[in-house]
Amino acid sequence: MLLCLGRHHRIAFVLAEVFELTDREAAAILAVSPAAFRKRLSRARQRLYGFMRRNCGLVNSAASCRCERRVSRAIELGRIQPDHLLFAGHALATRHNPSLMQRVKEMEDLHEAAAVFRGHPQYAAVPA
């Protein structure tokens, strides 16, 4: 569903909603003003929520899209290859991939470190 957003809006949404960064933190990462970041995030949310309301049967019972129908058809058409998923891996398969598991652990560590810094603003890093 994030693919309904352009690159700039997608990264703004991920930084705010997934990584839970503030507007100042995310703006520093993207080298834009906090106001510009907030506007990007606002547009991303509007576009994503609009897309979901129009298309997703989980969000809007009147919408025709249902995961069980879409996935089966996408596999039939070859758009999804269960043995070669682009954005996800099977939970059991990842246990046997030390490199991937290390990256997951690093991401979890970053989330924990960010939570510590958010909880103790006196330790906030000085923007570059």
Side-chain angles (χ1 to χ4, degrees):
M1 84 192 156
L2 291 177
L3 294 176
C4 75
L5 301 174
R7 183 175 187 270
H8 293 288
H9 293 111
R10 187 169 48 244
I11 191 68
F13 188 85
V14 169
L15 289 174
E17 300 295 336
V18 176
F19 290 105
E20 299 176 346
L21 297 180
T22 67
D23 58 342
R24 291 184 65 215
E25 294 165 333
I29 289 169
L30 298 176
V32 298
S33 70
F37 175 78
R38 288 191 301 272
K39 190 62 179 175
R40 281 186 192 179
L41 179 58
S42 173
R43 288 179 178 150
R45 286 175 174 154
Q46 286 177 332
R47 289 177 182 165
L48 184 62
Y49 299 150
F51 174 85
M52 296 298 289
R53 281 190 300 270
R54 285 189 309 278
N55 298 293
C56 181
L58 295 173
V59 175
N60 173 6
S61 60
S64 62
C65 186
R66 297 290 185 278
C67 295
E68 61 272 9
R69 289 193 305 232
R70 300 284 299 187
V71 171
S72 298
R73 183 67 177 142
I75 290 171
E76 287 175 24
L77 295 172
R79 291 194 323 246
I80 295 176
Q81 299 171 6
D83 296 331
H84 184 66
L85 297 174
L86 295 177
F87 302 110
H90 190 279
L92 293 176
T94 59
R95 288 189 194 125
H96 304 292
N97 184 341
S99 174
L100 178 59
M101 292 309 294
Q102 178 61 33
R103 285 182 275 173
V104 169
K105 173 78 171 100
E106 289 171 2
M107 186 64 69
E108 290 170 348
D109 291 345
L110 288 171
H111 275 282
E112 289 174 14
V116 169
F117 280 105
R118 270 194 294 282
H120 298 85
Q122 64 272 27
Y123 296 117
V126 178

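For reference, positions follow the sequence shown, starting with 1.
The structure places CZ of Arg10 at 9.0 Å from SG of Cys4, a figure rounded to the nearest 0.5 Å. Considering CD1 of Ile75 and CD of Gln81, their distance stands at 10.0 Å, rounded to 0.5 Å. Interatomic distance, CZ of Arg53 versus CG of Leu48, reported as 9.5 Å (0.5 Å rounding).
Hydrophobic clustering of Ile, Leu, Val, Met, Phe, Trp and Tyr side chains at less than 4.5 Å, counting indirect connections, keeps Leu77 apart from Ile80. Residues Val18 and Tyr49 are members of one and the same hydrophobic cluster, defined by side-chain heavy-atom contacts under 4.5 angstrom among Ile, Leu, Val, Met, Phe, Trp and Tyr. At a threshold of 4.5 Å between side-chain heavy atoms, the hydrophobic network of Ile, Leu, Val, Met, Phe, Trp and Tyr places Met1 and Leu5 in one connected group.
Across every non-hydrogen atom of Ala12 and Leu41, the tightest pair is O-CD1, 3.7 Å. Of all non-hydrogen atoms in Ala44 and His9, the two that sit nearest each other are CB-O, 3.4 Å. Counting all heavy atoms, side chain and backbone alike, Thr22 lies closest to Glu25 at N-OE1, 2.7 Å. For Phe37 against Asp23, the heavy-atom pair with the smallest separation is CD2-CA, 3.7 Å.
With a 4.5 Å cut-off on side-chain heavy atoms, Ile11 and Ile29 do not count as touching. Using a 4.5 Å cut-off on side-chain heavy atoms (C-beta onward), Asn60 and Met52 make no contact.
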Inset, instruction - Just do the side chain to side chain contact (heavy atoms under 4.5 Å, CB included) check on Arg43 and His8 with the steps written out, would you? - result: CA-CA 10 Å; Arg43 288 179 178 150; His8 293 288; over 6 Å; no

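With hydrogens and angles disregarded, no donor-acceptor distance shorter than 3.5 Å links the side chain of Arg24 to the backbone of Leu21.
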